[in-house]
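Note that ligands are numbered from 1 as they come in the structure, with each ligand's atoms numbered from 1 the same way.
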Amino acid sequence: MLSRKQLQRYSRQIMLPQIGEAGQEKLGAARVLIVGLGGLGSPAALYLAAAGIGELHLVDGDKVEISNLQRQVLYRTNHRDKDKAQVAAQQLTAANPEIRIHAHCRMADEGWLTDLLSKQSFDLVLDCTDNLNIRHTINRVCRTQKVPVVMASVRGFSGQLVSFDFRAEDSPCYACLFPPAAEQSDLPEAENCSTVGVIGPALGMMGSAQALEAIKLIAGLPVSSLNKLQLFEAGSLEWRALALASNSTCPVCG
Ligand SMILES: [Zn+2]
């Protein structure tokens with residue numbers, strides 16, 4: 001049962017037939033992990049906190065730098081040198097004090113992620129990182145732990161979004177699409193947002209899209225990026241979708 005305060009706070013989404021009180025209760029009961037509180041994680045976390053996701057876990061080992069502020073909309077100039085996960089938790093709590101927020105000021109690695117996802121049941125992981133090795137790690141751990149994942153990335157003016165529901169035995173995975181070895185030879189690890197230019201609002205679009213897909217997945221609505229690579233071009237404002245299938249030679253799920 002939703003409280004009077006919850007009915008008031010979330011009234012504009014509860015009045016949507018796609019959400020309703022039942023959908024709001026599902027959002028309130030959900031536990032979501034957001035890996036990376038940068039240009040994607042900022043809008044994604046803001047929208048998920050605002051929407052009333054019951055428990056958010058925020059993972060980031062970085063501190064706020066002035067050069068982050070062009071796109072990482074959770075942070076202010078006076079947050080310089082502070083832990084991103086800690087500041088993000090404060091900002092989100094100010095936006096919505098009704099939800100539980102846990103800040104993890106560290107980098108996610110395979111052992112730590114496996115431990116976290118096996119000890120508590122998570123409904124969803126949002127991959128908001130800008131590093132291919134961590135992305136492949138998140139893919140492997142989520143698949144093993146059977147936790148759905150929504151991934152996004154942006155380079156320059158080009159965005160990618162894809163989701164996998166690993167509760168389904170026959171789900172494809174990120175490595176079906178981009179095998180780890182091939183990807184690493186194309187794009188060295190060092191090539192992330194710190195070395196490649198990126199336009200801020202494109203990160204806003206893709207991070208918001210991740211929050212949207214998360215809400216849809218938790219509320220039981222169709223998820224348009226499920227097993228589909230959604231490509232967004234900020235230059236032309238055009239979206240394209242490529243359907244994915246499991247790859248029998250995939251090193252992770254084949
Ligand atoms: Zn695979």
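For the Zn ion (ligand 1), protein N/O/S neighbours under 2.8 Å (waters excluded) are C173 SG, C176 SG, C250 SG, C253 SG.
Hydrophobic clustering of Ile, Leu, Val, Met, Phe, Trp and Tyr side chains at less than 4.5 Å, counting indirect connections, keeps Y47 apart from I34.
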Do Q6 and E98 pass the side chain to side chain donor-acceptor pair (under 3.5 Å) test, and can you show the C-alpha distance, the side-chain angles, and the key distance before you say yes or no?
CA-CA 8 Å; Q6 289 171 319; E98 308 290 318; 5.9 Å; no
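Counting only heavy atoms from C-beta outward, the side chains of L116 and F122 approach each other to under 4.5 Å.
K26 pairs by the side chain to side chain contact (heavy atoms under 4.5 Å, CB included) definition with I218, not counting sequence neighbours. Looking at residues two or more places apart in sequence or on another chain, you find a side chain to side chain contact (heavy atoms under 4.5 Å, CB included) between D115 and K119.
Under the side-chain hydrogen bond (donor to acceptor under 3.5 Å, both in side chains) criterion, the residue pairs touching residues 242-254 are N247-T249, with sequence neighbours excluded.
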